Novice: 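The structure under discussion is supplied below as structure tokens; questions concerning it will follow.
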Amino acid sequence: MKGRRQVRYWRLYLLTLVLGIGGSFQLGMQVSIMASPAEHIQSFVNQTWLGRYEVPVSDSTNMLIWSFIVSVFSLGGWVGAIHSGSLSVTYGRKKALLFNNIVALVAAVLMVFSPMAKSFEMILLGRFLYGYNAGLGWNIQLMYLGESSPKKLRGFLTITITVFNNLGKVMGQIVGIKELMGTDDMWPWLMALGGLPAILQFVTLLFFPEAPRYLYIDKGDTEGCKKALHWLWQEDDVQMEMDDMGKERASMQGQNVKTIWDVLTSRCVRWQLLVLVIPCAGVQFCGFNAIYFYAFDIFREAGVAEDKMHYLSIGIGTTDLLTITLCSLLIDRAGRKMVMGYGYLLMGVIMSVLIVMLSIKDQYWVPYANIALIFSVICVYGLGPSGIASTLPADIFLQAWRPSAYVISGSINWLSLFLIGMFFPFIVDGLGQFCFLIFVAYCLFSAAFVLYFLPETKGKSTVEIMEDFNKLNYKNRGTDTEKADFVMATKF
């Protein structure tokens, strides 16, 4: 009986696949795909500069242009994250994603024709648009999944956003090898691969309904919501879900959707905001990207040949993908609080050991131990903080607050990614392996914060989770009248 009930959700699982392929898969692929064509793009910039000014570009200028090509992706992601709130509320989750696919297609066209136009500026613009596509797509994909899932599957389905992100990273690493598309004549097509998932999502998404919670709470379309739930869940009785949404909608009182300023200043979501900012949006500061930066140095010390490094990076990406997939199977059983809290704690401990081992790396066996420690950090990161950080915002914010909360979360993520990319090499030059102390401190602080303060959200409705947070938000206030500002409207 239970198995037959799960089969009913096959359309919901198919929607998850469609959202992932055109959403977070794009982000992962665009992040990892840039490693392979680096030398070819820098050569193209030099040839273009020579053709325009009849002198070769200086090494410093070429490196500056290349750095901007890489980092402008994060700026585009930030702009996309900012727009995710207004676009998703005004036009709906579905239409916003359809528009987002057009952005990716334009970026792909720019990449293909940049060599013909002899313009590296087209690559810059294309990278910005890819970033915009990733920033907008990530946030709306999370909203769409969270607002279409039953609470018993909400954790499992929302964590798939990280699964597809890691799948995209692995795919980008694989297609970028020199045996496939990592060549001088194929790099424009490699950079344009993002257009294929965009086409796939644009065509298939047309056959799926809008997010049910958006239809009911934002638009007041009761019948449309019921039809969407019946179609996605294939259940005849959806009254319990409708009642849950009705509790949110009953508190509308004619209020407007909450702005970013409301989320930042309202007492009624103070602790939700702290959870959003510290362990979730701040996940960039746990040291995972630093591990990637250091991995190649440690591989060299272990005697790995330079031409094998790319294949080891595929191994790192595959490990991350497998652990994230395992996390998706555990999240609705173990709970968000324990998995994230102990994940951060274990990451801090392992990186502390790594600092010590890097200090005695002259011992012949130490480089191999460091490789094991790197893969251990990646496994713990995938099993805990990485997956949970993407699901919690969907749990802890009600409909009125969710779009602006995602804007804040996305902005912190993208800006921190940009800052780490720009300044982390200088930190490494100054501190060496002791740069990991920064990440150890963050991991241990986040672990204590999550384990001590975060209420468990597993199996609870959004209203029930809100009531748990109110015990923190109004800890020193005993009356219910002071909670009256917690309005859950989503109308303009």
Side-chain angles (χ1 to χ4, degrees), residues 14-34 36-37 40-41 44 69-70 72-84 86-88 90-144 161 164-165 167-169 171-172 174-176 180-182 185-208 210 410 414:
L14 189 58
L15 173 63
T16 304
L17 175 64
V18 170
L19 294 178
I21 290 298
S24 55
F25 178 87
Q26 288 273 44
L27 169 59
M29 187 169 66
Q30 293 303 324
V31 167
S32 65
I33 212 170
M34 289 302 294
S36 298
H40 305 308
I41 293 177
F44 169 69
I69 288 174
V70 174
V72 75
F73 178 79
S74 299
L75 296 180
W78 178 39
V79 176
I82 291 174
H83 286 166
S84 64
S86 57
L87 288 176
S88 63
T90 305
Y91 301 104
R93 286 44 167 164
K94 180 177 176 178
K95 289 182 179 178
L97 286 179
L98 293 175
F99 162 75
N100 200 36
N101 291 318
I102 296 175
V103 174
L105 287 173
V106 173
V109 171
L110 289 171
M111 295 299 185
V112 170
F113 288 102
S114 58
M116 301 180 190
K118 297 182 179 180
S119 171
F120 60 82
E121 292 85 357
M122 292 174 67
I123 300 177
L124 282 168
L125 180 57
R127 283 287 291 172
F128 178 85
L129 292 178
Y130 271 139
Y132 183 93
N133 170 266
L136 181 64
W138 179 279
N139 284 358
I140 298 181
Q141 181 184 349
L142 276 173
M143 291 185 219
Y144 210 141
I161 189 169
F164 281 105
N165 179 36
L167 182 61
K169 288 180 181 178
M171 184 61 65
I174 292 174
V175 298
L180 294 177
M181 302 185 72
D185 57 334
M186 289 295 294
W187 69 262
W189 297 98
L190 175 65
M191 300 287 288
L193 276 182
L196 294 180
I199 294 173
L200 182 61
Q201 186 183 79
F202 186 91
V203 173
T204 54
L205 194 59
L206 295 172
F207 298 95
F208 289 90
E210 180 59 86
W414 286 102

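Treat the numbers as computed from the prediction; the structure is a model and nothing was measured.
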Novice: Quick one, His83 and Tyr132 - any side-chain contact, counting heavy atoms below 4.5 Å?
Specialist: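 Sidechains of Tyr132 and His83: in contact.
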
Novice: How many angstroms lie between CG in Leu97 and CD1 in Ile102, if you round to the nearest 0.5 Å?
Specialist: 11.5 Å

Novice: Taking the side chain as C-beta and beyond, is there a heavy-atom pair between Asn133 and Gln30 under 4.5 Å?
Specialist: no

Novice: Taking all heavy atoms of Ser32 and all of Gly168, pick out the closest pair and write down the distance.
Specialist: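 For Ser32 versus Gly168, the nearest heavy atoms are OG-O, 3.7 Å.
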
Novice: Any idea how Phe44 and Trp187 line up, ring-wise: parallel (<30°), tilted (30 to 60°), or perpendicular (>60°)?
Specialist: tilted

Novice: Any donor-acceptor pair under 3.5 Å linking the side chain of Gln26 with the backbone of Gly194?
Specialist: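 Such a contact is found between Gln26 side chain and Gly194 backbone.
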
Novice: Any chance CE of Met171 has more than 12 other-residue heavy atoms, nucleotides or ligands included, within less than 6.0 Å?
Specialist: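 No, not enclosed.
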
Novice: Using a 6.0 Å cut-off, check whether atom NZ of Lys95 has over 12 heavy atoms from anything other than its own residue.
Specialist: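 No - once you tally the heavy atoms of other residues, nucleotides and ligands closer than 6.0 Å, there are 12 at most.
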
Novice: What heavy-atom pair brings Thr16 and Phe164 nearest, and what distance separates the two atoms?
Specialist: O-CE1, 3.7 Å

Novice: Kindly give the heavy-atom pair with the smallest separation between Pro197 and Ile21, and that separation in Å.
Specialist: CB-O, 3.3 Å

Novice: Rounded at 0.5 Å granularity, tell me how far CE in Met111 sits from CG in Leu190.
Specialist: 10.0 Å

Novice: About how many Å separate CG of Leu15 and NZ of Lys94, when rounded to the nearest 0.5 Å?
Specialist: 10.0 Å

Novice: Is the closest side-chain heavy-atom distance between Gln141 and Arg93 below 4.5 Å?
Specialist: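 Side chain of Gln141 against side chain of Arg93, heavy atoms only: no contact under 4.5 Å found.
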
Novice: Mind checking the CD1-CD1 spacing from Ile123 to Ile69? Nearest 0.5 Å is all I need.
Specialist: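 Output value for this atom pair is 5.0 Å.
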
Novice: Do the two ring centres, one from Trp414 and one from Phe73, sit under 6.0 Å apart?
Specialist: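 Ring centres of Phe73 and Trp414 closer than 6.0 Å.
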
Novice: Identify the heavy atoms of Gln201 and Val18 that sit nearest to each other, and give their distance.
Specialist: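 Closest approach of Gln201 to Val18: NE2-O, 3.0 Å.
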
Novice: Hey, are the side chains of Phe207 and Leu14 touching, using non-hydrogen atoms and a 4.5 Å cut-off?
Specialist: no

Novice: Between atom CG of Asn100 and atom OG of Ser88, what is the distance when rounded to the nearest 0.5 Å?
Specialist: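 The CG atom of Asn100 sits 11.5 Å away from the OG atom of Ser88.
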
Novice: So how far is it from Leu19 CG to Met143 CE, rounded to the nearest 0.5 Å?
Specialist: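 So the gap between those two atoms works out to 12.5 Å.
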
Novice: Does Tyr130 form a side-chain contact (heavy atoms from CB on, under 4.5 Å) with Ile33? I'd like the steps, not just the answer.
Specialist: CA-CA 12 Å; Tyr130 271 139; Ile33 212 170; over 6 Å; no

Novice: Can you see which heavy atom on Met122 is nearest to which on Ala117, and at what distance?
Specialist: SD-CB, 3.5 Å

Novice: Which pair of heavy atoms, one from Leu206 and one from Phe202, lies closest together, and at what distance?
Specialist: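 Nearest heavy atoms, Leu206 then Phe202: CG-O, 3.3 Å.
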
Novice: Counting C-beta onward and ignoring hydrogens, is there a side-chain heavy-atom pair between Val31 and Leu27 closer than 4.5 Å?
Specialist: yes

